[in-house]
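What follows is a set of notes on a single structure, which appears directly below.
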Amino acid sequence: ATGSAPAVPIDERFDIAYVTPVTIGTPPQTLMLDFDTGSSDLWVFSSHMPPFQVRGQEIYTPDESSTARLLEGHTWSIMYGDGSASRGNVYVDTFAVGGLTVLNQAVQTAQQVSASFTSATNIDGLVGLGFSTLNTVRPESQLTFFDNAKASLDNPVFTADLKYMAAGTYDFGFIDRAKYTGEITYVPIDPDPGYWIFTSSGYAVGASSNFSATPIIGIADTGTSLVYLPTAVLTAYYRQVQGATNSRSYGGYVFPCDSALPSFTFGVGEERFTIPASYIRYAPVTEGSATCFGGLQSSSELGINIWGDVALKAAFVVFDSRSPPRIGWAKK
Ligand code: 0ZP
């Protein structure tokens, strides 16, 4: 089997997050979920939430699904890197994405979500695509959608083809030759921490500068908007940007929106991927401001480097769970 579904930016201008249509239950209830390779819980806005915590999101109502079954005595609670949190109980139901159906998928129904989720009016929940070891359901942790689908997939892979200010695609079970150019460069990943962690071979600032061959260990994370890298890398980058400062009040690197920006190149093995300047000129710090927040930020507070959407949309990325697992990057 295979599946293919769009990944649509939730906003017109910044690609702050991407959502993908899924259906749950019988008859199918359609929700728009954020596919997140940085976590492993599949949870949804639900009929068990207080109405004031729901602001336009679609909810899943297990009572209206003939195939829904409560997983008795099971609960979950998750807190993400950005402080957003949610918790609730667990059902199993039929879950489908772009033509790929999994029976008896654990669907974690929210009873409570933090204010950040309530205000994200077009995210109806998340689909974790990290390793199942990170799943927060207790007492028995549950498998991700991908782990459940794996045995029936033609090929135990999924791919992310995220786009700049446009709809991209998540494909499951196959690698679509039409979505990339040249060859896919694979590097091993270490699944033990539960994330898609790989080692980048280094970086370069701008088109003409030399490649600095310094290994950067980081997570490929579709659920993070920006790229978070070591301070030394950012210093090298923002030194080339007129007026750039690391601002305490804005919580990161900012610069005048009209400053010229270099591109940023990172290595995967011998291959090089370039993040265009336009992706790094991420967004005005507030609506209409002439100060812009950078798409490259420091990882020093997170303690781990993250290749979020700003990097992922510059490539076609293969998440390959064959053993040993690996990640593949290709140009497009
Ligand atoms: C984001 O990139 C946000 C945007 C954002 C960045 C930084 C601070 C923010 C503070 C408040 C709100 C957003 C912030 C993504 C986002 C986009 C659009 C709407 C949103 C509404 C609410 C919340 C977030 C929204 N967040 C990253 C994140 O936590 C920031 C980060 N910090 C990463 C550290 N690492 N992403 C998670 C998925 C998000 C969760 C998906 C909120 C959208 C909803 C995970 O992918 C991160 C992952 C950490 C890991 C890769 C190191 C994680 O937390 N996994 C959960 C595991 C639990 C550890 C067992």
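As the structure lists them, so they are numbered: ligands from 1, and atoms in each ligand from 1.
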ask   = So, the side chain of Ser152 versus the backbone of Ala149: is there a donor-acceptor pair under 3.5 Å, distance only?
value = yes
query = Which ligand 1 atoms does Leu134 reach within 4.0 Å, using its non-hydrogen atoms?
reply = 60 (C)
message = Counting non-hydrogen protein atoms only, what is the nearest one to atom 6 (C) of ligand 1? Give residue, atom name and distance.
response = Tyr228 OH, 3.9 Å
task = Answer with yes or no after comparing the ring centroid distance for Phe293 and Tyr282 against a 6.0 Å cut-off, counting only values under it.
result = no
key: Residues Arg13, Glu287: salt bridge by 4.0 Å N-O rule   = yes
ask   = Side chain, backbone, both or neither: which part of Thr224 has a heavy atom under 4.0 Å from ligand 1?
value = both
task = Starting from atom 40 (C) of ligand 1, find the nearest protein heavy-atom neighbour and note its residue, name and distance.
result = Tyr80 CG, 3.5 Å
ask   = In terms of atom number and element, which parts of ligand 1 are under 4.0 angstrom from non-hydrogen atoms of Ser39?
value = 55 (N), 56 (C)
query = Relative to ligand 1, is Ser116 under 4.0 angstrom through side chain, backbone, both or neither, heavy atoms considered?
reply = both
inquiry  = Quick one, Asp171 with Ser4, criterion side chain to side chain donor-acceptor pair (under 3.5 Å). Give me CA distance, side-chain angles, the key distance, then yes/no.
reply    = CA-CA 4 Å; Asp171 288 335; Ser4 178; 2.6 Å; yes
message = I'd like the name of whichever of Ala85, Ser86, Ala120 reaches closest to atom 20 (C) of ligand 1 through any heavy atom.
response = Ala120
key: Distance filter under 4.0 Å to Phe117 heavy atoms, resulting ligand 1 atoms   = 42 (C), 44 (C)
message = Check whether Arg248 reaches the backbone of Gly251 with its side chain - one donor and one acceptor, N or O, closer than 3.5 Å.
response = no
inquiry  = What I want to know is whether Asp221 and ligand 1 share at least one N or O pair that is separated by under 3.5 angstrom.
reply    = yes
task = Closest by any non-hydrogen atom to atom 59 (C) of ligand 1: pick that one out of Trp307, Phe14, Tyr195.
result = Tyr195
ask   = Within the structure, does Ile78 bring an N/O atom to less than 3.5 angstrom of an N/O atom in ligand 1?
value = no
key: Ile219: numbered ligand 1 atoms lying under 4.0 Å from its heavy atoms   = 51 (C), 52 (C)
remark   = Here the atoms of ligand 1 under 4.0 Å from any heavy atom belonging to Gly81 are 29 (O), 32 (N), 34 (C), 53 (C), 54 (O)
task = Quick one: look at Ile306 and ligand 1, take heavy-atom pairs under 4.0 Å, and tell me if it's side chain, backbone, both or neither.
result = side chain
request  = State yes or no: are the ring centers of Phe266 and Trp329 separated by less than 6.0 Å?
outcome  = yes
key: Option nearest atom 38 (C) of ligand 1 (shortest heavy-atom distance, choices Asp309, Asn135, Asp36)   = Asp36
inquiry  = Is the contact between Ser84 and ligand 1 made by the side chain, the backbone, both, or neither, using heavy atoms and a 4.0 Å cut-off?
reply    = side chain
note = If you compare Gly194, Gly38, Ser77 by their heavy atoms, the one closest to atom 57 (C) of ligand 1 turns out to be Gly38
message = Within the 4.0 Å heavy-atom shell around Ala17, which atoms of ligand 1 are there?
response = 17 (C), 18 (C)
key: Under 3.5 Å side-chain donor-acceptor pair for Asp161 and Thr169   = no
query = Can you tell me the protein heavy atom closest to atom 19 (C) of ligand 1 and the distance?
reply = Ile123 CD1, 3.9 Å
In a table with atom names and distances, give each donor-acceptor pair under 3.5 Å that connects a side chain of residues 16-25 to protein atoms at least two apart or in another chain.
unit_1, atom_1, unit_2, atom_2, d
Tyr18, OH, Asp15, OD2, 3.2
Tyr18, OH, Lys163, O, 2.7
Thr20, OG1, Pro6, O, 2.9

request  = Return the residue, atom name and 0.1 Å-rounded distance of the protein heavy atom closest to atom 36 (N) of ligand 1.
outcome  = Gly223 O, 3.1 Å
request  = Could you verify whether a donor N or O on one side chain and an acceptor N or O on the other, from Thr75 and Asn89, lie under 3.5 Å apart?
outcome  = no
key: Pick from Ser225, Ala115, Ala220, Pro9: the one approaching atom 15 (C) of ligand 1 most closely through a non-hydrogen atom   = Ser225
query = Given that the side chain starts at C-beta and the backbone is N, CA, C, O, which of these parts of Asp82 lies under 4.0 Å from ligand 1, counting heavy atoms, or is it both or neither?
reply = both
query = Do Tyr250 and Leu261 belong to the same hydrophobic cluster, where Ile, Leu, Val, Met, Phe, Trp and Tyr are linked whenever their side-chain heavy atoms lie under 4.5 Å apart, directly or via other members?
reply = yes
Check: residues 208-218 side-chain donor-acceptor pairs under 3.5 Å, at least two apart:
unit_1, atom_1, unit_2, atom_2, d
Ser209, OG, Val205, N, 3.2
Ser209, OG, Val205, O, 2.8

query = If only atom types and distance count, is the side chain of Thr37 paired as donor or acceptor with the main-chain N or O of Thr222 below 3.5 Å?
reply = yes
inquiry  = Can you confirm whether Gln142 sits close enough to Ser40 that some side-chain heavy atom of one is under 4.5 Å from a side-chain heavy atom of the other?
reply    = no
request  = Answer side chain, backbone, both or neither: which part of Ile16 comes under 4.0 Å from ligand 1, heavy atoms only.
outcome  = both
Proximal ligand 1 atoms for Asp34, defined as those under 4.0 Å from one of its heavy atoms = 41 (C), 43 (C)
query = Are Phe117 and Trp43 an aromatic pair by the rule of ring centers under 6.0 Å?
reply = yes
